[in-house]
Number of protein chains: 2
Amino acid sequence: MSVIPTIKDVAREAGVSYATVSRALNDHPEVSDETKKRIIKIALEMGYQPNAIAQGLVKKETKTVGLIIPDITNPFFPEVARGIEDAAVEAGYTIFLCNTNWDAQREERYFDVLIQKQVDGLIIGPSSEEVSHLGRVLDSGIKTVFISRAINHANSTSIIIDNILGAQQAVEYLIQRGHRKIAFIGGQEDISASRERLQGYTQALNNNGLALDESLIKTGSFKRDSGYFIMNQLLKSDDCNRPTAVFAANDLLALGVIQAVKENGLSIPEDIAVVGFDDIEFASLPEIQLTTVSQPKYDMGRLAFSTLMELIRGGGYSSGRKILLDPVLVVRQTS
Amino acid sequence: MSVIPTIKDVAREAGVSYATVSRALNDHPEVSDETKKRIIKIALEMGYQPNAIAQGLVKKETKTVGLIIPDITNPFFPEVARGIEDAAVEAGYTIFLCNTNWDAQREERYFDVLIQKQVDGLIIGPSSEEVSHLGRVLDSGIKTVFISRAINHANSTSIIIDNILGAQQAVEYLIQRGHRKIAFIGGQEDISASRERLQGYTQALNNNGLALDESLIKTGSFKRDSGYFIMNQLLKSDDCNRPTAVFAANDLLALGVIQAVKENGLSIPEDIAVVGFDDIEFASLPEIQLTTVSQPKYDMGRLAFSTLMELIRGGGYSSGRKILLDPVLVVRQTS
DNA sequence: ACTCTTGCCGTAAACGTTTACGAATGTATT
DNA sequence: AATACATTCGTAAACGTTTACGGCAAGAGT
């Protein structure tokens, strides 16, 4: 319960004014090396820790950024988060973890909280495309970069995988393998990632002269049970229209799809081929071997943080940049 | 770039002193309902957001807690984190995410940072058992609860699964199934969770009159590639001493083990049975069906936060409590 | 009509820092 | 010896809140 000493305690101990202590600890030139060393030694001995709250108040900078993501439980995000976090510690920043559970309202409340906590910047993943509240944040001038979420706003920077291209590659690969009836199982419809992957899907069909079959396009949420549920429905419908391949908008959905397929006595990839998106770690397990579109998750996290730093340090406008990362189709054994 | 209004701006607009604004917004009784409403309305219109940094400085409370965990990439921790986070938002708290990558030094540096940021409390998962720096933190009086990490310190509260019991159940189950040569593959030796699970393992052997075979006890780190590596080594050694079952100290290790077993042309569970620990979501996948000891991860997170709240609100000492949660053996198809 | 409450609000201090400004001393320049 | 300048440090203001204290007006009690 020993109370932490303040800068004044250190000053008293050293017999100088607390301004001098501050200057000594921050290595200002206008204090002699001698007293500087003496003060630093005393501060160490006393276990002095600068109060970052007080520092933040006067410096108007908290060395803190908020990370708003929809679902820390989806293995995609921890990988990204780790990249962000690693870059953050190197830069001396700490991050607030804000999990929205895909709830736009909770996301909005988090904005207010983070603004109140005076974060220096924001990294936001998708929760929905309802951007009315996002506009408010961007207008407030707080530096923000979006990950895997495209926002149509002048000064917003986004780091996203080329969803259209990735989906297109995946579906065209399936077409090359001879598939003609390819289903699309998406996540929440109001998430741009889901919409763009659908767009890549339709584009691939178009490019190869295949007709769009609306009954083969289903959306739910980016979770495993959603994929399981949807695929079961697809399989229950008339047999003649059963797809021979499924492109799932993320790996969790794909895992649900696989489970449904197997439980219906069908085999993968013989009866139905499955391709996912994200390439989470478990996609590479020998038992899974999911063919999927890979994203550089960890590097995406690092990149997100470093561009945020540019915004913060640059001070200028966020000039609406949109950084596109390249997807890579990883062919394994479910296709 | 519109600058956020302060309480003084609101006061000027409302024609009152800023003290009155503060009182109105905090619903103090000594301001008339009339002006209260008027001020609140004006504050809303101006988009006023209280500066939590300034509030924290005077109230000596930041509504912020630090979460220090070793590996956000291990699916065990996101589940716990989600529980913590959900409980935190309900209580109006925000959490700092601190990932140590199992690095004790990084953990130690995070202590200082979080103390400087004046967190109201700390939730700490295991990084190592090197507790010299932990003692410093506990002595500082900051309210702390440990998850899945037992600390021998007077005023520390821990929430842990009964590792000994869980491991014992798992191994005795294997013994009942007729196994006599059961290997133990652990995580870092300086993690109490790993040590206690080893303890449960030996206890189960003892209880059933089985001799300990040191050559069947291996440790590495709590990661999949570690399990893969160790299991390969075990299989490379002389065939006559090959185990017929493996108890892995967590599910990630077990997944690595399974991969190694299969790659060596052996089948599970016929040639070698495998049991894990944690019951991460992927253990229940139809392709995996891992027999494992289940932990109530989400609830553990909620519990961790609520007991932290008790410590903070109670103000008293953390009275060295140790809350033991019950493990549940989930039998699937790898045993 | 006087004091006593009561209700409402403003003044100012405090939280722990950083930093502009000024003061004091010593050294160099003329 | 007088001036100028550099070095080193202290004083005080500022950051945006909360809150103890005091003041003032209005109503109640005598």
Compile the donor-acceptor pairs under 3.5 Å between side chains in residues 70-79 of chain A and protein atoms, sequence neighbours left out, one pair per line.
residue: A/Asp71; atom: OD1; partner: A/Thr73; partner atom: N; Å: 3.0
residue: A/Asn74; atom: OD1; partner: A/Phe76; partner atom: N; Å: 3.0

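A close approach under 4.0 Å does occur between a side-chain nitrogen or oxygen of A/Thr20 and OP1 or OP2 of D/dG10.
In this structure a side-chain-to-backbone donor-acceptor pair under 3.5 Å is missing from B/Arg302 to B/Gly83.
Judged as a side chain to side chain contact (heavy atoms under 4.5 Å, CB included), and not counting sequence neighbours, the contacts of B/Ser192 are B/Glu129, B/Ala150, B/Arg195, B/Glu196. Residues passing the side chain to side chain contact (heavy atoms under 4.5 Å, CB included) test with A/Glu45, sequence neighbours excluded: A/Lys41. A/Ala14 meets the side chain to side chain contact (heavy atoms under 4.5 Å, CB included) test with A/Val16, A/Arg38, A/Ile39, A/Ile42; sequence neighbours excluded. In terms of the side chain to side chain contact (heavy atoms under 4.5 Å, CB included) criterion, residue partners of B/Asn101 (sequence neighbours excluded) are, by chain and number, A/Arg82, A/Asp86, B/Asn99, B/Arg106. Residues satisfying the ring-ring contact (aromatic ring centres under 6.0 Å, His included) test with A/Tyr18, not counting sequence neighbours, are none. The side-chain hydrogen bond (donor to acceptor under 3.5 Å, both in side chains) search around B/Glu34 returns none, not counting sequence neighbours.
Identified under the side chain to side chain donor-acceptor pair (under 3.5 Å) test for residues 112-122 of chain A, with sequence neighbours left out: A/Thr62-A/Asp120, A/Asp112-A/Arg136, A/Asp112-B/Gln49, A/Lys117-B/Thr64, A/Lys117-B/Thr94. Pairs engaging residues 83-109 of chain A under the ring pair (Phe, Tyr, Trp, His ring centres under 6.0 Å) rule: A/Tyr93-A/Phe305, A/Phe96-B/Phe96, A/Trp102-A/Phe222 [sequence neighbours left out].
Taking the 5' to 3' direction, DNA chain C first and last meets chain A under 4.0 angstrom from a heavy atom at C/dG16 to C/dA20.
Taking every heavy atom of residues 30-46 of chain B and every atom of DNA chain C, pairs under 4.0 Å involve B/Glu30, B/Val31, B/Ser32, B/Thr35, by number.
Within the 4.0 angstrom heavy-atom criterion, base atoms lie near B/Lys8. Residue-level contact check: B/Thr6 touches the backbone only, with heavy atoms under 4.0 Å from sugar-phosphate atoms and none from bases.
Nearest-nucleotide mapping onto DNA chain C: of B/Gly15 and B/Val58, the residue sitting toward the 5' end is B/Gly15. The residue among B/Ser17 and A/Val21 whose nearest nucleotide of DNA chain C lies closer to the 5′ end is B/Ser17.
Taking the C1' atoms of five terminal pairs at each end of the helix from C/dA1-D/dT30 to C/dT30-D/dA1, the two resulting helix axes are inclined by 60°, rounded to 10°.
Two residues are said to be in side-chain contact when any heavy atoms from C-beta on lie closer than 4.5 Å; B/Pro50 and B/Gln55 meet this criterion.
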